[in-house]
Amino acid sequence: MGKPRSPKGRAVEVASRLAGEYPGAECELTHRNPFELLAATILSAQCTDARVNMVTPNLFARYPTPQDLANADISELEGIIRSTGFYQSKAKNLIGMATKLVHQFGGEVPRDLDDLTQLAGVGRKTGNVVRSVAFNLPGLPVDTHVGRLSRRLGLTTAEDPVKVEHELGKFLPPTEWGHFSLRLILHGRRVCDARKPRCGDCLLADICPSSR
DNA sequence: ATCCCGAGGG
DNA sequence: CCCTCTGGAT
């Protein structure tokens with residue numbers, strides 16, 4: 001098969017190869033329900049999944065339901081999530097998120113992206129994670145990895161994550177968005193590192209404009 | 001010094 | 001558009 005020359009052609013080829021390499025790519029944030037995933041994803045801002053997974057067992061044990069989290073003592077909550085960074089704003093956001101869940105969404109995590117992004121601490125990336133992972137609905141989370149790899153691979157030139165999301169979305173069917181995002185993240189962590197990409201070990205090197 | 005599954009506020 | 005928020009790992 002010839003080298004894809006267009007961004008769309010490359011995107012389709014990248015998606016196909018990554019699906020072969022990481023067939024069972026899953027969200028690595030520990031969670032048992034949509035509420036826990038939502039909380040874990042809020043904590044994941046500028047923080048590794050591994051670090052989030054170190055605090056969430058305590059968090060979920062202490063605040064099992066939106067009602068419990070809505071009533072949390074903010075100092076105690078800050079202590080539990082402190083090591084994930086940005087802990088003051090994250091604590092405030094978790095309480096605000098849970099409060100809105102209780103009072104405006106009947107204690108349930110909404111599925112609509114516009115509803116999700118109304119919640120404190122929930123932006124487009126977090127909303128799309130919850131939609132795609134918890135509800136198996138169309139959602140293309142663009143985090144730092146997805147943005148970086150998409151640009152290196154020549155799938156987009158946009159820096160704005162929302163623009164990246166919309167450009168990538170045109171290249172693939174909505175049913176594949178979630179897995180594509182997960183696989184780019186996994187590949188970004190294992191091979192296409194932000195500081196020292198290991199192009200020699202990359203299965204995409206022959207179609208990557210940035211490979212050296 | 002730079003990066004990690006960002007989001008809110010000015 | 002910019003800035004700020006934060007700890008931990010490399």
Side-chain angles (χ1 to χ4, degrees), chain A residues 18 22 24-31 34 36-56 58-59 74-75 77-101 109-110 113-135 137-153 155-156 158-166 168-169 176-198 210:
Chain A
L18 291 182
Y22 312 114
E26 286 180 65
C27 174
E28 294 187 16
L29 292 169
T30 304
H31 66 282
E36 290 188 355
L37 177 65
L38 177 56
T41 310
I42 288 173
L43 293 179
S44 76
Q46 296 297 296
C47 180
T48 60
D49 284 7
R51 173 61 53 186
V52 173
N53 290 338
M54 291 182 203
V55 311
T56 45
N58 286 334
L59 181 72
I74 190 155
S75 301
L77 179 55
E78 285 176 357
I80 293 172
I81 67 171
R82 185 177 173 282
S83 70
T84 66
F86 298 156
Y87 62 93
Q88 295 181 96
S89 39
K90 285 176 181 176
K92 204 177 304 175
N93 287 154
L94 285 174
I95 292 174
M97 173 275 281
T99 302
K100 187 162 277 198
L101 281 189
V109 177
L113 186 58
D114 291 324
D115 287 339
L116 283 162
T117 53
Q118 279 182 242
L119 300 168
V122 181
R124 201 145 173 114
K125 187 224 101 181
T126 299
N128 278 321
V129 167
V130 171
R131 274 175 63 79
S132 59
V133 175
F135 297 128
L137 291 169
L140 180 35
V142 176
D143 70 341
T144 177
H145 296 294
V146 175
R148 181 181 70 251
L149 269 67
S150 295
R151 287 185 287 274
R152 283 182 177 169
L153 286 162
L155 310 185
T156 181
E159 296 281 346
D160 177 3
V162 180
K163 286 183 191 166
V164 176
E165 180 190 331
H166 284 121
L168 294 181
E176 291 184 27
W177 291 349
H179 284 299
F180 183 61
S181 175
L182 251 9
R183 287 168 181 147
L184 280 179
I185 291 166
L186 205 49
H187 194 63
R189 292 207 293 234
R190 297 193 180 166
V191 180
C192 194
D193 181 72
R195 306 183 203 192
K196 259 192 67 178
R198 299 166 43 217
S210 310

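Chain naming here is simple, since letters A, B, ... match the order of the sequence lines and numbering starts at 1 in each. Keep in mind the model is a prediction, meaning the values are calculated, not measured.
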Query raised in the report: R51(A) side chain N/O closer than 4.0 Å to the phosphate oxygens (OP1, OP2) of dA9(C)?
Result: yes
**Report entry** Distance below 4.0 Å between T144(A) side-chain N/O and dC4(B) OP1 or OP2
**Finding:** yes
**Report entry** Whichever of D49(A) and V122(A) has its nearest DNA chain B nucleotide further upstream toward 5'
**Finding:** D49(A)
Query raised in the report: May Y87(A) be described as stacking on the base of dG7(C), applying a 5.5 Å centroid limit and a 30° limit on plane angle?
Result: no
**Report entry** Shortest non-hydrogen contact between C192(A) and R152(A), atoms and distance
**Finding:** SG-NH1, 3.1 Å
Query raised in the report: Does R148(A) put a side-chain nitrogen or oxygen below 4.0 Å from OP1 or OP2 of dC4(B)?
Result: yes
Query raised in the report: Taking the side chain of H145(A) as heavy atoms from C-beta outward, which of dA7(B), dA1(B), dC4(B) is closest to it?
Result: dC4(B)
Query raised in the report: Should K125(A) and E165(A) count as an ion pair when the cut-off is N to O under 4.0 Å?
Result: no
**Report entry** Inter-nucleotide C1' distance (dC4(B), dC5(C)), Å rounded
**Finding:** 15 Å
Report task. Look at the side chain of F86(A) and decide which nucleotide, out of dC5(C), dG8(C), dC5(B), has an atom nearest to it. Result -> dC5(C)
**Report entry** Under 4.0 angstrom between S181(A) side-chain N/O and dC5(B) OP1 or OP2
**Finding:** no
Query raised in the report: Touch check for L182(A), heavy atoms < 4.0 angstrom, all strands: base, sugar-phosphate only, or nothing?
Result: base
Requested in this report: Would you indicate what L37(A) reaches in the nucleic acid, counting non-hydrogen atoms under 4.0 angstrom: base, sugar-phosphate, or nothing?
Outcome: nothing
Query raised in the report: 5'-most contact on DNA chain B: A194(A) or R124(A), nearest heavy atom basis?
Result: A194(A)
Report task. Establish, with yes or no, whether the OP1 or OP2 oxygen of dC5(B) is under 4.0 angstrom from a side-chain nitrogen or oxygen of R189(A). Result -> yes
Query - Separation of the C1' atoms in dT6(C) and dC3(B), to the nearest angstrom - result: 13 Å
**Report entry** Polar pair under 3.5 Å, donor/acceptor by atom type, side chain R82(A), base dT6(C)
**Finding:** no
Report task. Could you tell me whether the phosphate oxygens of dG6(B), OP1 or OP2, come under 4.0 Å of any side-chain nitrogen or oxygen in Q46(A)? Result -> yes
Requested in this report: Measure from the side chain of R195(A), starting at C-beta and using heavy atoms only, and say which of dT2(B), dG7(C), dC5(B) lies closest.
Outcome: dT2(B)
